[in-house]
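To start, the structure under review is shown below, and the notes come after it.
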Amino acid sequence: MSASAIVMMIVAMLVVWGGLALAILNLRGHPDQPEPGPDDVPHQL
Amino acid sequence: MSTKATQPQREQWSSRLGFLMAAIGSAIGLGNIWRFPAVTYEHGGGAFLIPYLAALLTAGIPLLILEYTIGRKYRSSPPGALRQLARPAETIGWWQVAICFVVATYYAAILAWAVRYTGFSFDQAWGDDPEGFLNNEFLKLNETPGEISTFVPGVAWPLLLIWVLTLAVLLLGIRRGIERANIVTIPLLVGFFLILVVRALTLDGAAEGLDALFTPDWGALTEGSVWVAAYGQIFFSLSVGFGIMITYASYLHRKSDLTGSAMVAAFANSSFEILAGVAVFATLGFMAQAAGVGVADVSSSGVGLAFVAFPQIISEMPMGAFFGVLFFLSLVIAGFTSLISIVQVIIAAVQDRTGLGRTAAVLSVGGAVTVVSLLLFANDSGLYLLDVADHFINQYGIALAGLVVLVTVSWALRQLPALQRNADATSSIGLGVWWRICLGVVTPVVLAWMMVDSLINELDETYGGYSTSFLLWAGWGVAGGALLVGVLLTLLSRRRPATRWDAAATPDAPNPTERNG
C-alpha cells in the first residue's frame with residue numbers, strides 16, 4: 001500500500017469510528033429524562 | 001370528550017438501546033456492503049472521504065434529526081405525522097408508504113437470492129461460471145426483459161421463507177419483535193463482518209485492494225459529480241426519505257434524546273460502511289492478483305459484486321465455503337433488518353389510519369406484499385424488473401419524496417424553528433441555525449441537483465440498455481404509480497374522519513381539539 005493510501009485509511013477509521021465512540025459517550029452521559037406514566041423509567045444506552 | 005381516552009396506547013421501544021439498534025439495523029443494509037465500496041473507489045478513493053463526511057454532517061445527520069423529531073412529536077406514521085403538520089402534506093406520507101411497498105417487494109427477492117447463495121457456497125454450485133449460473137440456472141433469465149414465461153420455484157421458496165420470517169417478527173410488535181430481532185442480529189452482523197475482514201486481510205493481494213480503495217485522487221474533489229455521489233450515498237444509506245425513521249421515532253417516548261441518538265445511528269452506519277469497504281476491496285485485491293489484472297478490472301457493485309464476483313472469489317480462495325457462508329449470511333441479516341423497517345412503515349400507516357390491531361394489519365399488509373413480491377420477482381424476468389424498479393424508485397421516489405418533504409417543511413410550512421425547539425427540549429446536543437441551513441438550503445439544493453443530473457442521464461442514454469417500452473412501465477410507471485397511489489390513498493383516507501391520527505398527536509402538536517381535550 002502507498003503511504004497516502006495508508007494515511008487516508010487511518011484518517012477514515014479515526015474520524016468515523018472515533019465519531020461513533022464520541023457519539024456513544026455523549027449519549028451515555030445524557031440519560032433520557034423520565035416520562036410521566038407507566039413507562040416512567042430512565043433508559044440508558 | 002377527547003378521543004384519546006378511547007384509543008389503545010401507542011407501542012413504545014423498551015429502551016434507548018432498543019430504538020438505536022432498530023434504527024441502525026434499518027440504516028445498515030445491502031447498500032453499505034455492495035454500494036459504498038464501489039462508489040468510494042470510483043469517486044476519488046481516499047479523497048472521497050471529504051465529500052462523504054461533508055454529506056454526513058450537512059445532510060445525513062440533519063435529515064435523521066428531522067425525521068426523528070417529526071415522528072416523536074406527532075407519534076404517527078408518515079401520513080398521519082405529516083397530516084398534523086399540514087393537511088395537504090398527508091399525500092407525501094402516503095406516497096412514502098407506496099414507495100415502501102414497492103421497495104419491500106423487490107428487496108425481499110434479493111434476500112431470497114442471498115439465502116440460496118448461502119447454501120450454494122457449501123459446494124460452490126456455480127462452478128467456474130458464476131454469471132452463467134446466476135442468469136441461466138438460478139434465475140432462469142428470459143432473453144427479453146419484461147417477458148414472463150416461467151415461474152422460478154428456486155426463488156419463490158426462499159422468498160416465501162423471507163416473508164414468513166419478516167411477518168413473524170412484525171407480528172410480535174415493536175418491543176418483542178423488531179427490537180429483539182435487531183438486538184440479536186446487529187451484533188451478529190458486525191461479528192460476521194469482523195471475521196470476514198480478518199480473513200480478507202490475510203489473503204494475497206489484499207494490500208493492493210486497499211491501496212486502490214484508499215489512494216486519494218484529490219483532483220476528484222473539483223468535480224461536482226463526486227459531491228453529488230457522496231450526498232447520494234449518504235441519503236440512500238441512512239434510510240431517510242421514505243418515512244422509516246418517522247415511523248420508528250413515533251414509538252419513542254416523549255423525553256427521548258433525538259440529536260444524540262441521530263449522531264450514534266449515523267456514525268454507526270458509516271462505521272459499518274468503512275468496515276465493509278475494507279472487507280470488499282481486500283477481497284477484490286485477492287481476485288485481481290489471482291487473475292493477474294488490476295483492481296480496476298474486477299471492481300463491481302450491486303448484484304454483479306455479490307452474485308458474480310464474490311462467488312468467483314469464493315471458488316478461488318482457501319476455505320472459500322466458510323467465507324461464502326459468512327458473506328451471504330451477512331447480506332441476509334443486513335437486508336432482513338432493513339426489510340423489517342420498510343414493511344413496518346406500511347403496517348404502521350394502516351394501523352394508524354384504520355385502527356386495526358397489529359395482527360390484522362400485519363396479516364393484511366404482509367399478505368398483499370408477499371403475493372405481489374412472489375408474482376413479480378419469482379419469475380424469469382424478475383432480475384430485469386428489480387433492476388429497473390430499483391433505479392427509478394430510488395431516484396424518482398425516495399429522493400424526490402425526500403426533496404418534497406424538505407421543501408414543504410422548510411419553505412412552504414416554515415416549521416423548522418418549531419421542530420428545532422421540540423428536538424432541543426429533550427436532546428443532549430442543541431441544534432443551531434446550521435441545522436436549519438442544512439435542511440432548508442444545502443440538502444434541497446443537492447437533492448435537486450441529483451434529480452436534474454439523473455434526468456439528464458435518462459435522456460442521454462436509456463437506463464441499462466433496456467427498451468423504452470420496458471422502462472416506461474417498469475421504471476417510470478412504477479415510480480409514477482407510487483405517487484398516484486399516494487394521492488389515491490389520501491383521497492380514500494379523507495372519506496373517513498381520522499380520529500386515531502388526531503388522538504395520536506402530542507399536546508404540543510398543532511391540534512386544537514387535542515389541546516382542549
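Just so it is clear: chains get the letters A, B, ... in the order the sequence lines come, proteins before strands, and each one is counted from 1.
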Donor-acceptor side-chain pairing of B:Asn422 and B:Thr69 below 3.5 angstrom | no
Interface residue of largest heavy-atom contact number with chain A, from B:Ala265, B:Ser270, B:Pro216, under 4.5 Å | B:Pro216
Polar side chain donor-acceptor pair, B:Arg35 to B:Ser237, under 3.5 angstrom | no
In Å and rounded to the nearest 0.5 Å, what is the CG to CD distance from B:Leu56 to B:Gln233?
-> 11.0 Å
Pair B:Thr259-B:Tyr68, side-chain donor/acceptor within less than 3.5 Å | no
Go through B:Gly45, B:Gly285, B:Ser256 and name the one with the most non-hydrogen pairs under 4.5 angstrom from chain A.
-> B:Ser256
Using a 3.5 Å cut-off and no angle test, enumerate the donor-acceptor pairs between side-chain atoms of residues 6-24 of chain A and protein atoms at least two apart in sequence or in another chain.
{"from": "A:Trp17", "atom 1": "NE1", "to": "B:Ser271", "atom 2": "O", "distance (Å)": "3.1"}

Residue part contacting chain A, namely of B:Leu53, when any heavy atom lies under 4.5 Å = side chain
Honestly, the part of B:Ile429 sitting under 4.5 Å from a heavy atom of chain A is side chain
Can you tell which part of B:Leu210 gets under 4.5 Å to a heavy atom of chain A, answering side chain, backbone, both or neither?
-> both
Interchain contact, B:Ser261 with chain A, by part (heavy-atom threshold 4.5 Å) | both
